[in-house]
S.K.: 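What follows is a structure written as structure tokens; I'll ask about it next.
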Amino acid sequence: MRWNTAEYSGWGRALTASGQLARPERASAVAALMDEEPAPAIGNRRSYGDACLNDGGRAVDMTRMDRVLGFDPEAGEITVEAGVELGVLSRMLAPKGFLPAVMPGTGFATVGGAIAMDVHGKNHHHAGSFGQHVAEITLQTPKGERVVGEGTDLFRATVGGLGQTGVIVSAKLRLLKCKGDVIVVTERRVPGWDDFLALLDGSDATYTVGWIDATATGTKLGRGILEEAETGSGLIPSKSTARRIKRNAPGWALSPGIVRAFNSLYYNRVPRSGRTSVKRLQDFFFPLDRIHDWNKLYGRRGFHQFQCVVPVDAAPALRAMLEKIATSGLASPLAVLKRMGPGRAGFMSFPMEGYTLACDFRNVDRSTRLIRDLEQDVAEARGRLYLAKDALARGAHVRAMYPEHGDWLAEVQQVDPDKALVTDLVRRLELRAAP
Amino acid sequence: MSETWIILGATSSMARAMARQLAERGDALVLAGRDMPDLEATASDCQLRGAADARAVRFDARDPSTFQAILDAAEGTVNCAVFVGSMPDQSLIDADPSLIDGTVMDSFTGPARFLQMLAPVIEDKGAGVVVGVGSVAGDRGRVGNYVYGAAKAGFATYLSGLRNRLTRAGGHVVTVKPGFVDTAMTWGIEGMFLVATPDDVARDILKAVKKRRNVIYTPFFWRYIMAIIKAVPEPIFKKMSI
């Protein structure tokens, strides 16, 4: 296998790595290179921070392993190579009456990445996490190939396992039945925080997500738009257009005044009485995918996403965090509030029953100070930071947030005793260090 | 109307991209190559993407006994796209001249012998397209890869003759000369520029087939780059290293 020296980064572009990348196109090539010199896998690098980086080391780019190996409509199962994108899968399956059971906010995420991060979607409160719908994983560990079934410790260490058990080569997924390839979306204005929580708690729609105006303060704190959706068929969706951001935006593009104005327009665009519309599936599940390379809007220095989840009874603490964000004037238009169910499939999975808040920040010093401050608040609220987003947290905090870290570590050390699969995130948070 | 495409060297990423695009329009595929598990994977992928049929068969450019079974697997109007070829480092060939034989067999004589068997089938049917993937490396011998280049040049000349033959019978031959393409073969090689994706190349090929083009460069601007390289007088060219 040939190695290509490259500089690369995660989606946030605030952190970069330079190192050697292999890009196998066949399972036999993955096996050969893992036998020779094991390295961690990366996919489409849709993690924001350094989970997909190995600075000064090697990594295996799995994006060319992107084939569907088998589809069983009777059982509702599909076997795919790890590099298949979830958006591609959804477009392929919806006309056949199926969808990936869980879809994150971008369709460019690969199946391998979705497993390694145990991602969640707008239906987490019903359907749980991605890993709960994985029946089997074919894993190339530093000690050879393993076919890993549900219920085993190696499965729990691999799902949400940050790539530390090996390269995921392929996986068998259980699919969700859907009515067709469109989705009926109801949008409603929510005037403030308490109403938002009540509406999220009360929603029994299949897909529910809240956009939150992270610049609104005072009585408007926590205002936003609640979106509830169900798949449908035989309906004509509204048109959508794709755009591409060609170059880095200037620093003022997301200055406080502009963000406040944008958020106000975005909030008021939905009529006071709400509205229902028919959309294409992709436009609902992956709204930002229509703007290719939207991460360049944050300029050359990139950005950070802060995402945490706190238990239901810690909602007041989350409100306080939002208040800090809103008064800082640093928030971008992209902020999301969601109710999470308890579903998780791995030792290091992010989800817990409670509320999750996500917000983007331009990479400036004041933002990093604010995010570090919020990290402390999350720890005190017995919450958790999402490692697919994180680029700044400190190890002791994170290890305490993941109570099954010890179980994960024990399993990981068995399959990768030489720490060949360590990534920048794992190094930064000292996740592989003996407790 | 759906047609059958035989794809020789179907494990390459350009071939995979073309197979996918053919599958999406409902053609039947015979995927030929050496790595059977990998061909099976591409076959199931194409099947799910809409191929009328997709099967994997063994093809080894250096083993003509594998050829007939591939022809037998194809039905209806038969088209064929040739993606096979091998490009060992010139330095390896310099150290071991016997490597020339395999390189020429993979890139030229193997597929040519197969196409020689396919030609009467196309003539009988009065229809069928052959796509032969050569390389800009075949346009002029360079110190860096002249054995590979020579094999591809031989193949290009063969395709030109085959086109001359099949045109009379209603068939057609498209010669494709890709520039730098982002594949496993070029991954990690230094000095690549203006690199095209396998998907781009596959799209260009299908467009050329539809328009019955004879010789295409992909991406198109390689025609001009190669025109310049071919125009350099030999007394100067022989001292250059490009």
Side-chain angles (χ1 to χ4, degrees), chain A residues 1-6 8 19-33 39 58-73 77-85 88-98 100 111 138 140 145 169-173 175, chain B residues 7 9-26 29 31 33-51 54 56 83 86-89 91-92 180-193 195 197-202:
Chain A
M1 177 57 57
R2 229 177 344 217
W3 298 85
N4 194 9
T5 306
Y8 58 104
Q20 289 186 309
L21 302 179
R23 194 187 57 191
E25 294 182 346
R26 315 180 195 190
S28 56
V30 179
L33 83 88
R58 289 180 159 182
V60 186
D61 178 333
M62 292 293 285
T63 52
R64 284 283 164 102
M65 304 270 300
D66 65 346
R67 290 169 296 183
V68 179
L69 303 176
F71 173 55
D72 180 353
E77 288 180 339
I78 195 164
T79 306
V80 295
E81 288 183 322
V84 171
E85 291 174 9
V88 171
L89 215 47
S90 72
R91 277 192 294 275
M92 201 187 289
L93 289 168
K96 301 181 197 297
F98 289 99
V111 167
T138 302
Q140 198 61 241
E145 186 185 285
V169 181
S170 60
K172 188 196 280 183
L173 313 176
L175 301 167
Chain B
I7 300 192
T11 50
S12 89
S13 38
M14 273 188 270
R16 255 191 218 178
M18 179 163 164
R20 252 181 201 185
Q21 291 180 21
L22 290 169
E24 276 159 12
R25 65 182 210 195
L29 298 166
L31 303 164
R34 280 179 300 170
D35 185 342
M36 291 310 285
D38 188 70
L39 293 171
E40 300 284 0
T42 301
S44 17
D45 185 63
C46 289
Q47 198 89 64
L48 198 69
R49 283 169 195 263
F83 288 92
S86 61
M87 186 177 74
D89 261 5
S91 59
L92 294 178
F180 294 143
V181 186
D182 187 14
T183 65
M185 197 161 89
T186 58
W187 181 256
I189 291 185
E190 281 179 37
M192 293 278 145
F193 56 91
V195 178
T197 69
D199 278 329
D200 295 337
V201 171

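Convention: sequence-line order gives letters A, B, ...; per-chain numbering from 1.
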S.K.: Hey, which of D66(A), T5(A), V80(A), L69(A) has the most heavy atom pairs under 4.5 Å with chain B?
M.R.: D66(A)
S.K.: For D35(B) versus S28(A), what's the shortest heavy-atom pair and its separation?
M.R.: OD2-OG, 3.5 Å
S.K.: Taking the side chain as everything from C-beta on, heavy atoms only, tell me whether S44(B) gets closer than 4.5 Å to R67(A).
M.R.: no
S.K.: Testing the basics here: between V88(A) and R49(B), what is the closest heavy-atom pair and its distance to 0.1 Å?
M.R.: CG1-NH2, 4.2 Å
S.K.: With the side chain counted from C-beta on, respond yes when K96(A) and L48(B) share a heavy-atom pair under 4.5 Å apart, and no when they do not.
M.R.: yes
S.K.: Can you tell me how far apart CZ (R23(A)) and CH2 (W187(B)) are? Round to the nearest 0.5 Å.
M.R.: 4.5 Å
S.K.: Counting only N and O atoms by type, is there a donor-acceptor contact under 3.5 Å from the side chain of D38(B) to the main-chain atoms of R26(A)?
M.R.: no
S.K.: If you count heavy atoms of other groups shown closer than 6.0 angstrom to CZ of R58(A), is the number above 12?
M.R.: yes
S.K.: If I measure from the heavy atoms of chain B, does L21(A) come under 4.5 Å with its side chain, its backbone, both, or neither?
M.R.: both
S.K.: Please rank T42(B), D45(B), T183(B) by heavy-atom pairs under 4.5 Å with chain A and give me the top one.
M.R.: D45(B)
S.K.: Could you check whether any side-chain N or O of R16(B) sits under 3.5 Å from a backbone N or O of E25(A), counting only pairs where one atom can act as donor and the other as acceptor?
M.R.: yes
S.K.: Does a side-chain heavy-atom distance below 4.5 Å link I189(B) with R2(A)?
M.R.: yes
